[in-house]
Amino acid sequence: MNNFYLTTPIYYVNAEPHIGHAYTTILADTMTRFQRLRGRLVRFQTGTDEHGEKIVEAAAKQGVEPRQYADRISHMFAETWPGLNIAPDNFIRTTDSKHVAAVQRVLQDLYDKGDIYFSRYGGNYCVGCERFYLDRELLDGVCPDHLTKPVFIEEENYFFKMSRYQQQLLDHIARNPSFIRPERYRNEVVSFLREPLEDLCISRPKTRLTWGIEMPFDNRFVTYVWFDALMNYLSGLDWPDGDLYQRFWQGPLADAQHLIAKDILKPHGIYWPTMLMAAGVPLYSHLNVHGYWKINDGKMSKSVGNVVKPLDLSKVYGVDPFRYFLLREMAFGLDASFSEELLVERYNADLANDLGNLFSRVLNMLSQYRQGVLPAVPAQKPPASQDLLALREQTLAAYQEHMQRFEFHLALTSLWAFISACNKYVVANEPWSLAKDPAKAQQLDAVLYDLAQALAWITVLLSPAMPGVSQSMAQALSLDINLGLGLRGQDMLKAGSQLKRPDPIFPRIESQKVQAKAAKAEEKTETKSNKKAKKEPMGPVPVIDIDEFARIDLRLGKVLEACPVEGADKLLKLTVDLGEEKPRTVVSGIAKHYNPQRLIGMQVVVVANLKPVVLRGVESHGMILAASDSDNIKVLTLTDSLAAGSRVK
RNA sequence: GGCGAUGUAGCUCAGUUGGUGAGAGCAUACGGCUCAUAUCCGUAGUGUCCGGGGUUCAAGUCCCUGCAUCGCCA
């Protein structure tokens, strides 16, 4: 079982990516990074589901073809993932020709085999719901959702003989208790399977729907939802003949798993396995099911929610802390609440205080007492050293066990117990006291050695959840994170290597600031209606400390291009080199005071970590500093020249 | 309406097959340290284990019922 295949659902393109999509995909990314760390061959697939009536409607609303519409939203999904440090190996679309071919192939096979049949049936059809209702489902003869009377429609369609595989599936689940996990979801499926299954309607006549995959044996119909959507897991592996299919699904080393949210349990826990049985394809090994994020919880959504969507919080607090929060806060399988407040709490307690501070204090002591050079392997270890090592091994075992079961929150909890033990280890040994007594130099060496090795080890175990941050941690430690040695419990840092003392990796978020932020947002929405009211009087500016100032990333930039913004008399669109891969676009309100030509080549100071904003249709990534009095605006510049991107403070 | 899940300290959750005083983290209060991002370490509390009824020597843990929240209903 060395080849690990993990999929997310393919996301329906009737909505833009939101926190639910992000959560599933971040979990999958974390899991696949973990499996890679263990040395397994890994394939991680996500993608988009693009057919169906809703897409036709949505496209029509925007006056475009379904294909065009699907392209646009699908790209939106594909482009969201790298921004969240998510790196899928494959992005599949149900409009891909190879997917269409695979769907038609399986439909033809099952039709030939007699598992798909044609049948006429009549029923109460609710136009609003686009579905048929059984008599017992109706409320006093009307649709329970729309409260309208359904129309009786008689229609012919194709059906999949799902009922034929019901018992076989029950047997399979009985033999493989963790086929569907956590347990609660297996129970749900099993209890559903105790009732007789009805066959699955898998087609729509083209008179009602054309945006779909045509039935290979009847061109009057397209296939509806299930075969189209679920088959992506196989078509993405070039089923039936591809090497990938062999390696990741059918072969003896294959371990294929799905990850879904609980709302699509039935299609994945019942339809999909029975479809696989019918097609003679082996079943996946595990269906992993997670819960829902409740967003409208507490004040946050009211005060800040208008301004900040959950996904935008990743930009405010950092992608990796955002990932950590999602992984740690939700007990896998259960529902959880999402709010900015909870995110900040988690960030400060776990990341800033426990981990960030440990990292900082250890590297700082190494730097102060040993010039950042890692001491040699100590001949004599302090008594608590063995305990720390034992805990490390214990933690490693627990961490791996939980990760294998998708219990991310427990894996991280166990890692944090070790981080906490490291902090206790510092206090117990008091390196600052040892440093004052030259006779205790060896003891000090031993303590620092243990702590540095612990940090390296933490860095590795953290890397699946926080790939970006652990990369910079590794850099400070001169650690090659890709060695994967962390999982073997050995010391990874070489004695004598030079460690750096980095800036705080998780600067603490001041809660007062958060409150102030929320208050500001509230104020903003309130004053929006009476915009004209007044300009804010310049009251006394509150005193801030150096840390607060340090949160503003000021950089030296060189203006490459400058031109007016159409339809705005005050704005200039500037292209500024900040020493990054690509120059940035920055919009500045100085058009009345500067001729664009004069700005080109000028060195300016840019607020580099300002939240991007769209001004007159131009997206601005930063702000140019300028001084102004009642009549004039003057851009800040340098009399000498320095490299673009230099830090200003 | 049908099926299912959940309801344990202010918050988020653990509590194995019913059995020694009901736990953890965060938040709160107090004390200690000073290497560190006003961080870390230690100590302290609080709970009609959703309500009601039942089984049992013994129930947060099993049964019935009510309430609340959530999901699914092809």
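In the text below, chain A, chain B and the rest are named by the order of the sequence lines, each starting its count at 1.
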Just N and O in the side chain of [X]: are any of them under 4.0 Å from OP1 or OP2 of [N]?
X        : N     : result
A:Ser420 : B:C40 : no
A:Arg346 : B:C26 : no
A:Lys424 : B:G42 : yes
A:Asn187 : B:A5  : no

Whole-angstrom distance between [N] and [M], as gauged at atom [atom1]:
N     : M     : atom1 : answer
B:C64 : B:U56 : C1'   : 16 Å
B:A59 : B:G19 : C1'   : 10 Å
B:U46 : B:A27 : C1'   : 13 Å
B:U65 : B:C49 : P     : 22 Å

What is the pairing partner of [N], taking Watson-Crick or G-U wobble pairs with both distances under 3.5 Å in any strand?
N     : value
B:U69 : B:A5
B:U61 : none
B:C40 : B:G32
B:G45 : none
B:A14 : none
B:A22 : none

Looking at A:Arg184 and A:Glu188, does any basic side-chain N land under 4.0 Å from a carboxylate oxygen?
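Salt bridge absent between A:Arg184 and A:Glu188.
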
Taking [atom1] from [X] and [atom2] from [N], how many angstroms apart are they, rounded to a whole number?
X        : N     : atom1 : atom2 : answer
A:Ile270 : B:C72 : CD1   : P     : 14 Å
A:Gln368 : B:A36 : CD    : P     : 5 Å
A:Leu351 : B:U39 : CG    : P     : 14 Å
A:Asp350 : B:A27 : CG    : P     : 9 Å
A:Phe192 : B:C3  : CZ    : P     : 13 Å
A:His402 : B:A24 : NE2   : P     : 18 Å
A:Tyr369 : B:U34 : OH    : P     : 10 Å
A:Glu341 : B:A27 : CD    : P     : 13 Å

Given [options], which nucleotide is nearest the side-chain atoms of [X]?
X        : options             : value
A:Trp432 : B:U39, B:A5, B:U34  : B:U34
A:Arg361 : B:C41, B:C26, B:A36 : B:A36
A:Met365 : B:C35, B:U6, B:C40  : B:C35
A:Arg508 : B:A36, B:U37, B:G71 : B:U37
A:Glu345 : B:G4, B:C73, B:C26  : B:C26
A:Ala352 : B:U37, B:U12, B:U39 : B:U37
A:Leu342 : B:U6, B:C11, B:C70  : B:C11
A:Arg184 : B:U6, B:C72, B:C70  : B:U6
A:Asp263 : B:U39, B:G71, B:C26 : B:G71

Exercise. Determine the interplanar angle of the A:Tyr317 and A:Tyr347 rings, folded into 0 to 90°, and report it as parallel if under 30°, tilted if 30 to 60°, perpendicular if over 60°.
Key: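 Answer is tilted, since the angle falls between 30° and 60°.
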
What about the rings of [X] and [Y], do their centers lie closer together than 6.0 Å?
X        : Y        : value
A:Trp226 : A:Phe160 : no
A:Phe221 : A:Phe118 : yes
A:Phe338 : A:Phe325 : yes
A:His290 : A:Phe408 : no

Nearest heavy-atom approach of A:Leu479 to A:Ala456 is CD2-O, 3.7 Å

Sugar-phosphate, base or nothing in reach of A:Asn423, heavy atoms under 4.0 Å: sugar-phosphate

- Counting any heavy atom closer than 4.0 Å, what does A:Ser433 reach on the DNA or RNA strands: base, sugar-phosphate only, or nothing?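 A:Ser433: no heavy atom of the nucleic acid under 4.0 Å.
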
Judged by nearest nucleotide, the residue sitting upstream toward the 5' end of RNA chain B, A:Arg501 or A:Tyr271, is A:Arg501

### Message
Judged by each residue's nearest nucleotide on RNA chain B, which is more toward the 5′ side, A:Ala336 or A:Ala349?
### Response
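In this pair, the answer is A:Ala336.
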
Checking only heavy atoms, does the side chain of A:Asn364 share a donor-acceptor pair with the base of B:A36 at less than 3.5 Å?
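Answer is no: no donor-acceptor pair is held.
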
_Result of checking A:Ile270, A:Thr274, A:Leu276 against A:Tyr165 for side-chain contact (heavy atoms from CB on, under 4.5 Å)_ =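 Only one of A:Ile270, A:Thr274, A:Leu276 forms a side-chain contact (heavy atoms from CB on, under 4.5 Å) with A:Tyr165, namely A:Thr274.
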
### Message
Could you check whether A:Tyr111 and A:Asp218, counting side-chain N and O atoms only, form a donor-acceptor pair closer than 3.5 Å?
### Response
no

Hey, are A:Arg508 and A:Asn357 close enough side-chain-wise for a donor-acceptor pair under 3.5 Å? no

Mind listing the residues from residues 439-450 of chain A sitting with a heavy atom below 4.0 Å of RNA chain B? Number order is fine.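 Within this stretch, nothing sits under 4.0 Å of the strand.
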
